[in-house]
Trainee: 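Mind having a look at this structure? Questions to follow.
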Amino acid sequence: MNLKVLVLVIFTVIWLYNLLLNVIRMRSEKNPIPENVADVYDRETYLKWRSYHAEKSRFAIVTSTVTFLVELALLAFNVYAAFAGLFPKEDPFLQMFAVFLLSALSSLVLIPFSWHETMVIEEKYGFNKSTAKTFWADQVKSFIISLIITLAVGGILMAVHTALGDWLILAFAVLMTLLLLGITFLYPVFSKIFNKFTPLEDGELKDKLSGLLEKNGYKVRAIKVMDASRRTTKSNAYFTGFGKMKTIVLYDTLVESMTPDEICAVFAHEMGHGLHKDTLKRQFLSFGQMLILGLLAWLTLRTTELFLDFGFSGMNYGFAIILIMSVEFPLVAPLFGLLTNWISRRAEYRADAQAVKEGYGEELISGLKKLSKNNLADLAPSPLLVKLEYSHPTLSQRIDAIRKAEQ
Ligand SMILES: [Zn+2]
């Protein structure tokens, strides 16, 4: 069988699968809201939530279809090979660069949609804080950063393949895991490009957080507040960095909307993740994922026919990565996601239990309710969606578990 036809068929199946998920998402808006989360939204906010989700899912169908059609055309008409033909044939790095450049350029088609999503939909529901200037600056920065990241990944694949041949699978997995760790490590640096961080001011919140961390022998380098309100009204909090170099980052929107005890509850939860080494476990899972990617890369690079079918005169590292990321991996990812999301949801329950243990059960519930409200979270997603792609249990499930742990 012609491999090109096979690729195009798989690519179409993946798009249909995503379409199906989006349709389920749209329809889940009719699901009844569970009793224990009925007070999260007042009627007006609830109606707003429904139309926000309807609009987002409908729009996701549009954007994923546009992306699909553009990519399908690039693949079907061998555009990648034609574009790469404009670059020196004998230089494999430039050949790879050509493919990534075309891929990045084709993603520019999505800018008007991204504009509509940020400046029209998010604006309509009061989330958007981006100005035209920050929007365009973000687009330029994202374009450059994604090109750099794909080139780094491609460069690693190329170097490992040239140097180690069939050892590629394992070596690629190890190097990619290191790269991911590097990105996690450099995340604070990256985010400084987009946001400002200021140390948390002295006061009740800082005292309480420090007390909580000290009591559990948990060391962090700093507690910082990020100016998230510049772009969004959604709120969040997270840890970055490793070991004793961890930094706690609080969105300024979180600090403004929650009481100090609720923020402590959210942090007792984050600390629970730390105490159970959840981040480490997640790294192991992502290593497993990288092994799968390594295996796919190995298979792809060996199959010269695949490249010939798409108009190349031989193997192209960039095109190999495009095939792996948009055709091969999306085919196996849902199965892998089923496992990792199940593990992740269990870890969330355990982290919630940690907050209960610290005596913050009720504050966690009210804090999570505020977070859900601020982020206009789905309170009644379809159970199938939760199993397939939710890394966190639903708010209702979490509240049930917290109340059970409190008894
Ligand atoms: Zn968590």
Side-chain angles (χ1 to χ4, degrees), residues 10 13-29 31 33-34 36-37 53 56-57 60-61 64 173 176-177 180-181 183-184 187 234 236-240 266 269-296 324-356 364 368-369 371-372 375-402 404-405:
I10 296 176
V13 168
I14 293 164
W15 169 67
L16 286 172
Y17 172 73
N18 286 319
L19 197 67
L20 177 74
L21 288 186
N22 273 321
V23 171
I24 297 178
R25 232 171 259 137
M26 272 175 72
R27 291 182 54 170
S28 69
E29 279 144 41
N31 295 351
I33 302 280
N36 60 359
V37 289
H53 273 268
K56 285 282 260 197
S57 321
I61 292 175
S64 71
M176 281 304 296
T177 307
L180 282 183
L181 284 175
I183 289 175
T184 320
Y187 187 75
K234 296 183 178 181
N236 206 349
Y238 61 88
F239 277 94
T240 66
V266 170
H269 167 101
E270 292 300 330
M271 217 172 53
H273 282 311
L275 294 170
H276 291 112
K277 306 257 177 290
D278 286 334
T279 323
L280 196 68
K281 288 174 194 160
R282 212 177 307 139
Q283 305 291 358
F284 264 108
L285 284 174
S286 74
F287 180 69
Q289 209 165 8
M290 290 308 143
L291 272 180
I292 296 177
L293 280 174
L295 181 69
L296 293 174
I324 295 165
M325 296 318 290
S326 56
V327 179
E328 301 170 12
F329 193 63
L331 195 66
V332 290
L335 290 173
F336 199 73
L338 212 58
L339 173 73
T340 52
N341 285 329
W342 175 71
I343 294 174
S344 168
R345 288 194 302 269
R346 275 186 11 155
E348 291 307 319
Y349 283 127
R350 259 199 321 256
D352 282 349
Q354 182 71 33
V356 174
L364 184 62
L368 288 175
K369 281 183 173 175
L371 272 179
S372 300
N375 299 344
L376 282 190
D378 195 344
L379 298 178
S382 297
L384 180 68
L385 284 182
V386 177
K387 285 210 169 62
L388 281 174
E389 49 183 23
Y390 273 53
S391 61
H392 287 59
T394 66
L395 179 61
S396 170
Q397 291 172 322
R398 289 175 78 173
I399 292 175
D400 276 346
I402 293 168
K404 213 177 265 172

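Because the structure is a prediction, the values reported are computed rather than measured.
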Trainee: CG of Leu388 to CG of Leu335: how many Å apart, nearest 0.5 Å?
Mentor: 9.5 Å

Trainee: Please test Leu368 against Ile402 for side chain to side chain contact (heavy atoms under 4.5 Å, CB included), starting from the C-alpha separation and ending with a verdict.
Mentor: CA-CA 11 Å; Leu368 288 175; Ile402 293 168; 4.2 Å; yes

Trainee: Might you point out which heavy atoms bring Pro381 and Tyr390 nearest each other, and give the distance in Å?
Mentor: CB-OH, 3.3 Å

Trainee: Apply the test side chain to side chain contact (heavy atoms under 4.5 Å, CB included) to residues Ile343 and Phe284: give CA-CA distance (whole Å), side-chain angles for both, the deciding distance (0.1 Å), then the verdict.
Mentor: CA-CA 12 Å; Ile343 294 174; Phe284 264 108; over 6 Å; no

Trainee: Rounded to the nearest 0.5 Å, what separates atom CG in Leu339 from atom CH2 in Trp342?
Mentor: 7.5 Å

Trainee: I'd like to check His392 versus Arg398 (side-chain heavy atoms, cut-off strictly below 4.5 Å). Are they in contact?
Mentor: yes

Trainee: Measure the CG-CZ distance between Leu385 and Arg25 for me, rounded to the nearest 0.5 Å.
Mentor: 6.0 Å

Trainee: Just one of Lys277, His276, His269 clears the side-chain hydrogen bond (donor to acceptor under 3.5 Å, both in side chains) bar with His273, so which one?
Mentor: His269

Trainee: Output the distance between atom CE (Met325) and atom CG (Leu296), rounded to the nearest 0.5 Å.
Mentor: 9.5 Å

Trainee: Closer than 3.5 angstrom, by distance alone: can the side chain of Thr394 be matched with the main-chain N or O of Gln397 as a donor-acceptor pair?
Mentor: yes

Trainee: Heavy atoms only: give me the nearest Tyr17-Pro334 pair and the separation to one decimal.
Mentor: OH-CB, 3.8 Å

Trainee: Strictly distance-based, threshold 3.5 Å: is any side-chain N or O of Arg350 a donor or acceptor partner for the main-chain N or O of Asp278?
Mentor: no

Trainee: How long is the straight-line distance from OG of Ser57 back to CZ of Arg27, given to the nearest 0.5 Å?
Mentor: 13.0 Å

Trainee: Of the non-hydrogen atoms in Asn22 and Ser64, which two are nearest, and what is the gap between them?
Mentor: ND2-OG, 4.4 Å

Trainee: With side chains defined as the heavy atoms from C-beta onward, is the minimum distance between Thr340 and Gln289 less than 4.5 Å?
Mentor: no

Trainee: Is there a side-chain contact between Ser382 and Asn31 (heavy atoms, below 4.5 Å)?
Mentor: yes

Trainee: Just verifying a value: how many Å separate Leu395 CG and Leu371 CG, rounded to the nearest 0.5 Å?
Mentor: 9.5 Å

Trainee: Does Glu328 form a side chain to side chain contact (heavy atoms under 4.5 Å, CB included) with Val332? I'd like the steps, not just the answer.
Mentor: CA-CA 7 Å; Glu328 301 170 12; Val332 290; over 6 Å; no

Trainee: Does atom CZ (Phe287) have a neighbourhood of more than 12 heavy atoms from anything else shown, all under 6.0 Å?
Mentor: yes

Trainee: Would Lys369 and Ile399 satisfy side chain to side chain contact (heavy atoms under 4.5 Å, CB included), going step by step from the backbone distance to the final call?
Mentor: CA-CA 9 Å; Lys369 281 183 173 175; Ile399 292 175; 3.7 Å; yes

Trainee: Grab the two heavy atoms, one from Asn36 and one from Ser396, that are nearest each other, plus how far apart they are.
Mentor: OD1-OG, 2.9 Å

